[in-house]
2 protein chains.
Amino acid sequence: MRLVVARCEVLYTGRLTARLPQAVRLLMFKSDGSVLVHDDAGGYRPLNWMTPPTVVEEREGSIVVRKRAGKSEDKLEIRIADLLSDVTHDMGESAALQKDGVERHLQEELAARPNALGQSLQLVRREWPTDIGPVDLMCRDASGDWVAVEIKRIATIEAVEQLTRYLERIEIEGCRGVLAAQVIKPQARTLAEARGIHCVEVDLAVLRGEREPDLTLFT
Amino acid sequence: MRLVVARCEVLYTGRLTARLPQAVRLLMFKSDGSVLVHDDAGGYRPLNWMTPPTVVEEREGSIVVRKRAGKSEDKLEIRIADLLSDVTHDMGESAALQKDGVERHLQEELAARPNALGQSLQLVRREWPTDIGPVDLMCRDASGDWVAVEIKRIATIEAVEQLTRYLERIEIEGCRGVLAAQVIKPQARTLAEARGIHCVEVDLAVLRGEREPDLTLFT
DNA sequence: CGGTAGATTTCGTGA
DNA sequence: TCACGAAGTCTACCG
């Protein structure tokens with residue numbers, strides 16, 4: 001990885017045009033072709049960037065990064081006024097990030113234990129196909145009625161709309177909808193209940209039995 | 001900005017838990033409290049990060065970054081096995097990025113020239129208020145009928161849903177819907193047309209008169 | 001390869 | 001502060 005600290009101006013043309021006035025920035029050139037222009041503030045997102053595959057052309061006082069983007073071209077032009085530092089580090093092999101707690105894990109746990117949704121449910125299949133996309137979980141309840149379950153980490157109105165579209169498309173008489181999420185936004189809950197969709201907030205740690213449901217509030 | 005290159009392992013607990021196995025990484029500590037862990041590959045997003053406000057605690061062989069996140073806490077623990085470089089740069093004042101070509105510009109151009117939507121339209125107002133949010137453009141056509149226009153850079157099913165919600169809420173008899181975007185996804189077009197919503201793809205450069213419509217295809 | 005859904009989305013804006 | 005919508009979203013997955 002090459003790290004350059006320089007007073008520079010950056011011009012981007014591509015999906016939009018943008019100009020970054022002259023100031024001191026950090027330029028990162030990764031070995032996979034990624035180029036990032038970072039400021040000393042402003043959070044995790046670079047001010048300008050280009051994702052691989054790129055072509056980097058270095059000239060006197062400027063660096064131009066190009067990328068084919070469909071029929072046209074993306075171009076990042078870095079005009080260097082004052083080079084303050086320029087170092088390259090050999091960082092060797094990488095190792096992948098291991099994540100836990102994303103939506104898929106929630107789906108796996110609920111597929112294994114659909115009763116955690118607070119109803120007596122039996123799983124029929126995960127990723128039940130419809131012509132507009134898969135329903136996360138398709139179950140049947142104690143009465144034999146069908147129940148379509150949509151799972152989100154955070155449920156917004158969009159999740160309710162999505163489940164509603166599925167329910168419209170599912171050719172099953174009286175199929176109910178259940179929305180399960182770690183967090184259900186108030187407006188989503190209101191819309192869901194107005195449409196007869198049951199809402200359930202679930203906790204991944206509780207699902208896994210790592211932590212007991214917090215019942216002390218009610219004792 | 002402090003830049004550290006080190007062989008390290010990173011543990012994140014917060015909205016999810018993640019472990020980044022030991023390897024050589026770039027650690028960025030911005031003056032606003034942002035902390036980013038970058039790899040020598042993998043595009044523009046850091047492997048791990050924390051956005052301000054943060055508290056950074058440095059100890060022997062490890063750096064812990066903490067942040068209050070609602071009722072719980074986010075924690076990023078960086079265990080340093082081998083410190084390869086550690087430099088700090090004073091980057092001085094920043095300057096804001098100037099953008100052009102985003103959705104707002106599209107709305108401005110279409111507000112100035114609603115006829116570009118391929119119909120004889122007259123603008124009544126931009127950001128027409130409803131109780132669930134503003135309609136981008138409200139117009140009347142040659143017959144005096146009302147037309148609600150939703151503008152997107154890229155129109156997906158969600159844009160159709162949004163416009164549909166507006167049309168349901170607008171208390172105007174026979175108000176039509178028009179979806180205008182630089183790119184309209186096929187599924188969005190299908191859903192829109194099934195609901196009687198007219199789709200128009202627009203080109204910002206053409207709208208501005210910088211480029212003529214490409215008519216050569218039809219000659 | 002295009003399209004869709006997820007993301008520790010982040011980030012801005014308006015109520 | 002909360003909630004919603006945009007983003008050069010990016011990225012993984014599935015057809």
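Here is the naming used below: chain letters follow the sequence lines, and residue numbers restart at 1 for every chain.
A donor-acceptor pair is defined here as one N or O able to donate and one able to accept, closer than 3.5 Å; no such pair exists between the side chain of K30(B) and the backbone of V35(B). Of the possible donor and acceptor atoms, none in the side chain of Q187(A) sits under 3.5 Å from a partner among the backbone N and O of T156(A).
When each of dT8(C), dT4(C), dA6(D) is scored by its nearest atom to the side-chain atoms of K152(B), the top-ranked nucleotide is dA6(D). Nearest to the side chain of Y44(B), among dG8(D), dA3(D), dC10(D), sits dC10(D). In the set dG3(C), dA6(D), dG5(D), dG5(D) carries the atom at the smallest distance from any side-chain atom of R165(B). Checked against dG6(C), dG8(D), dT8(C), the side chain of L16(B) finds its nearest nucleotide in dT8(C). The side chain of Q187(A) sits closest to dC4(D) out of dG6(C), dC4(D), dG8(D). Nearest nucleotide to the side chain of K185(B), out of dA6(D), dG3(C), dT8(C): dG3(C).
Side-chain N/O atoms of K99(B) include one lying less than 4.0 angstrom from OP1 or OP2 on dG8(D). Applying the 4.0 Å criterion to OP1 and OP2 of dG6(C), one finds that R15(B) has every side-chain N and O outside that range.
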Name each donor-acceptor pair under 3.5 Å that joins a side chain in residues 45-55 of chain A to protein atoms two or more places apart or in another chain, with its distance.
{"unit_1": "T51(A)", "atom_1": "OG1", "unit_2": "K67(A)", "atom_2": "NZ", "d": "2.7"}
{"unit_1": "T54(A)", "atom_1": "OG1", "unit_2": "G33(A)", "atom_2": "O", "d": "2.6"}

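Taking atom CD of E161(A) as the reference point, atom P of dC4(D) lies 12 Å away to the nearest angstrom. Rounded to whole angstrom, the span from the NE2 atom of H105(A) across to the C1' atom of dA12(D) amounts to 14 Å. Straight-line distance from the CD atom of Q162(A) to the P atom of dG3(C): 19 Å, rounded to whole Å. Distance, I184(A) CD1 to dC4(D) P: 14 Å, rounded to whole Å. Atom P of nucleotide dT8(C) and atom CG of L20(B) are separated by 13 Å, given to the nearest angstrom. Spacing between atom CH2 of W49(B) and atom C1' of dT8(C) amounts to 5 Å, rounded to whole angstrom units. Separating the CD atom of E103(A) from the P atom of dT4(C) is a distance of 17 Å, rounded to the nearest angstrom. Look at CD1 on I157(B): it is 6 Å from P on dT4(C), rounded to the nearest Å.
A search for side-chain hydrogen bond (donor to acceptor under 3.5 Å, both in side chains) contacts involving E57(A) returns R59(A), R66(A), not counting sequence neighbours.
Of the charged side-chain nitrogens involved, none lies within less than 4.0 Å of a carboxylate oxygen, so that E161(B) and R165(B) do not count as a salt-bridged pair.
With C1' as the reference atom, dC11(C) and dA7(C) are 14 Å apart, rounded to whole Å.
Among the atoms of the strands shown, none is found under 4.0 Å from any heavy atom of E158(B).
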